[in-house]
Amino acid sequence: MLKLMMQFFKNIVVLTGAGISAESGVPVFRGEDGLWHGRRVEDVATHEALRRDLWGVNGFFNELRRFVHAIEPNPAHLALKRLEEHYGNRFLLVTQNIDPLHQRAGSKRLITMHGQLQSALCTQCGARAPFYKDIAQDTPCPSCGKTSCLRPDIVLFNEQPYEMNVIIEALLACDLFIAVGTSGFVYPAAGFVDIARQCGAHTIEANLTQTECSPLFKEKCIGPAGQTLPALVERLLA
């Protein structure tokens, strides 16, 4: 790997998933029992749940929003910020995570494709706005002022992730694609490695264990992201 890392890459795309934030204590979305922070995915991240119990869904995300308030980024987040500082606008970080750890690490070239925990979406006017407190029925929309209409700014199942056109364009242009801490189950993100490969990019997976997508990557860094990613970035910048 060291020999490979000495080559110069023109454009880098990094995809991160729950594994990178798990090392900071953020609950993993998918587990063996299908629970996320003590709740079933079907109860909090589907349109059915939103229609059935909007304020129960908001209550769950209120709790999670409070939970991540004091969570700090780990060395993996900081390593990606360092990589961004070196590559500038030739670097793009795409995260499936809704937590604010990449932002707290200082990442700027960032797309939160599944939305943001610290943001609210108005079902009346469609506005998205930063939101750090609890969402309640009498909370007014920051844009239109209406109440009983705010929901978490989270991409639910069967909703289109944010900024997919920008992501695809970056994948088509990259010559290095790195996936960090992602399960490889959730599409469209699980298909990013295929797009990058077809365009001739070198592909690296950094994960705690092997995944279903592991055979698609040319290289693998197995172990905690807080250890493997700083070492990988060090090689890239050598």
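Worth knowing before you read on, the calculation uses all heavy atoms, side chains too, and leaves out hydrogens, waters and symmetry mates.
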Task: Verify same cluster id: V94, L176 (apolar side-chain graph, 4.5 Å) - done: no
TODO: Apply side-chain contact (heavy atoms from CB on, under 4.5 Å) to T139 and K133, showing your working.
DONE: CA-CA 10 Å; T139 303; K133 300 179 180 179; over 6 Å; no
Open item on the list: I need the minimum non-hydrogen distance between H114 and I98, along with the two atoms involved.
Closed with: O-CG2, 3.6 Å
- [ ] Taking N62 for its side chain and I135 for its backbone only, find out whether a donor-acceptor pair lies under 3.5 Å.
- [x] yes
TODO: Evaluate the side-chain proximity of C125 to K146: yes if any heavy-atom separation is below 4.5 Å, no if none is.
DONE: no
Task: Intermediate values then yes/no, side-chain contact (heavy atoms from CB on, under 4.5 Å), I178 and L236 - done: CA-CA 12 Å; I178 306 171; L236 282 167; 4.1 Å; yes
- [ ] Indicate the ring-plane relationship of H102 and H77, choosing parallel, tilted or perpendicular according to the 30° and 60° boundaries.
- [x] perpendicular
Open item on the list: Are there over 12 heavy-atom neighbours, none belonging to K108, within less than 6.0 Å of that residue's NZ?
Closed with: no
Task: Common cluster, L229/L83, ILVMFWY with side-chain heavy-atom separation under 4.5 Å - done: yes
Task: Reported CG-to-CG distance for the pair N74 and L101, which is rounded to 0.5 angstrom - done: 7.5 Å
Task: Distance (rounded to the nearest 0.5 Å) between I12 CD1 and L80 CG - done: 10.0 Å
Task: Hydrophobic cluster identity match, L117 and Y132, side-chain contacts under 4.5 Å - done: no
Task: Sidechain-backbone polar pair: E205 side chain, F217 backbone, donor-acceptor under 3.5 Å - done: no
Task: Side-chain donor or acceptor of T228 paired with backbone N/O of I222 under 3.5 Å - done: no
Task: CD-CD1 distance between Q116 and I154, expressed to the nearest 0.5 angstrom - done: 8.5 Å
- [ ] Please report the closest heavy-atom contact between V155 and M113, naming both atoms and the distance.
- [x] CG2-O, 3.5 Å
Task: Joint cluster assignment, F131 & L54, ILVMFWY side-chain distance < 4.5 Å - done: yes
- [ ] Find out if a path of hydrophobic residues (ILVMFWY) with successive side-chain heavy-atom gaps under 4.5 Å connects M164 to I111.
- [x] yes
- [ ] Specify whether F192 and F177 have parallel, tilted or perpendicular ring planes, treating 30° as the upper limit for parallel and 60° as the lower limit for perpendicular.
- [x] perpendicular
Task: Residue pair P230 / P75: nearest heavy atoms and the distance that separates them - done: CG-O, 3.8 Å
TODO: Give the C-alpha distance, both sets of side-chain angles, the deciding distance and a yes or no for side-chain contact (heavy atoms from CB on, under 4.5 Å) between R109 and L93.
DONE: CA-CA 6 Å; R109 296 274 301 163; L93 174 58; 5.8 Å; no
Open item on the list: Do P152 and L121 have side chains that approach each other closer than 4.5 Å (heavy atoms only, starting at C-beta)?
Closed with: no
Task: Residue pair Q103 / Q118, side-chain donor-acceptor N/O under 3.5 Å - done: no
Open item on the list: Distance alone, cut at 3.5 Å: any donor-acceptor contact between the side chains of T147 and D138?
Closed with: no
- [ ] With rounding to the nearest 0.5 Å, note down the distance linking CG in L50 to OG1 in T123.
- [x] 8.0 Å
Task: D99 vs I71 side-chain heavy atoms within contact, under 4.5 Å - done: no
- [ ] Determine, for R51 against E48, whether the closest basic-nitrogen to carboxylate-oxygen distance falls under 4.0 angstrom.
- [x] yes
Task: Any donor-acceptor pair under 3.5 Å from N97 side chain to T16 backbone - done: no
TODO: Go through the steps to decide whether I204 and C221 satisfy the test side-chain contact (heavy atoms from CB on, under 4.5 Å), and finish with yes or no.
DONE: CA-CA 7 Å; I204 302 175; C221 300; 4.0 Å; yes
- [ ] Determine whether L172 and I195 make a side-chain contact, defined as any pair of heavy atoms from C-beta on separated by less than 4.5 Å.
- [x] yes
Open item on the list: When you measure from the side chain of R104 to the backbone of P73, do you find a donor-acceptor pair of N or O atoms at a distance under 3.5 Å?
Closed with: no
Task: Nearest heavy atoms of V180 and V14, plus distance in Å - done: CG2-CG1, 4.1 Å
- [ ] Measure the shortest side-chain to side-chain distance between C122 and S143 over non-hydrogen atoms and say whether it is less than 4.5 angstrom.
- [x] no
Open item on the list: Side chains of S214 and K220, heavy atoms from C-beta outward: is any pair under 4.5 Å?
Closed with: yes
Task: Spacing of L216 atom CG and R197 atom CZ [to the nearest 0.5 Å] - done: 5.0 Å
Task: Shortest non-hydrogen contact from F157 toward H47 - done: O-CD2, 4.0 Å
Task: Residue pair K81 / A105: nearest heavy atoms and the distance that separates them - done: CG-O, 3.5 Å
Open item on the list: Any side-chain to backbone donor/acceptor pair from D153 onto A129? Under 3.5 Å, distance only.
Closed with: no
- [ ] May I ask you to say whether E219 pairs ionically with R235, meaning some side-chain N is under 4.0 Å from a carboxylate O?
- [x] no
- [ ] Could you tell me the separation between the CG atom of L150 and the OG atom of S119, rounded to the nearest 0.5 Å?
- [x] 10.0 Å
- [ ] Ignoring hydrogens and angles, tell me if any N or O in the side chain of S21 forms a donor-acceptor pair with the backbone of A18 under 3.5 Å.
- [x] no
Task: Side-chain donor/acceptor of E23 to backbone N/O of A225, under 3.5 Å - done: yes
Task: Any donor-acceptor pair under 3.5 Å from S24 side chain to E72 backbone - done: yes
- [ ] Give a yes or no on whether the backbone of W55 and the side-chain of Q137 come within a donor-acceptor separation of less than 3.5 Å.
- [x] no
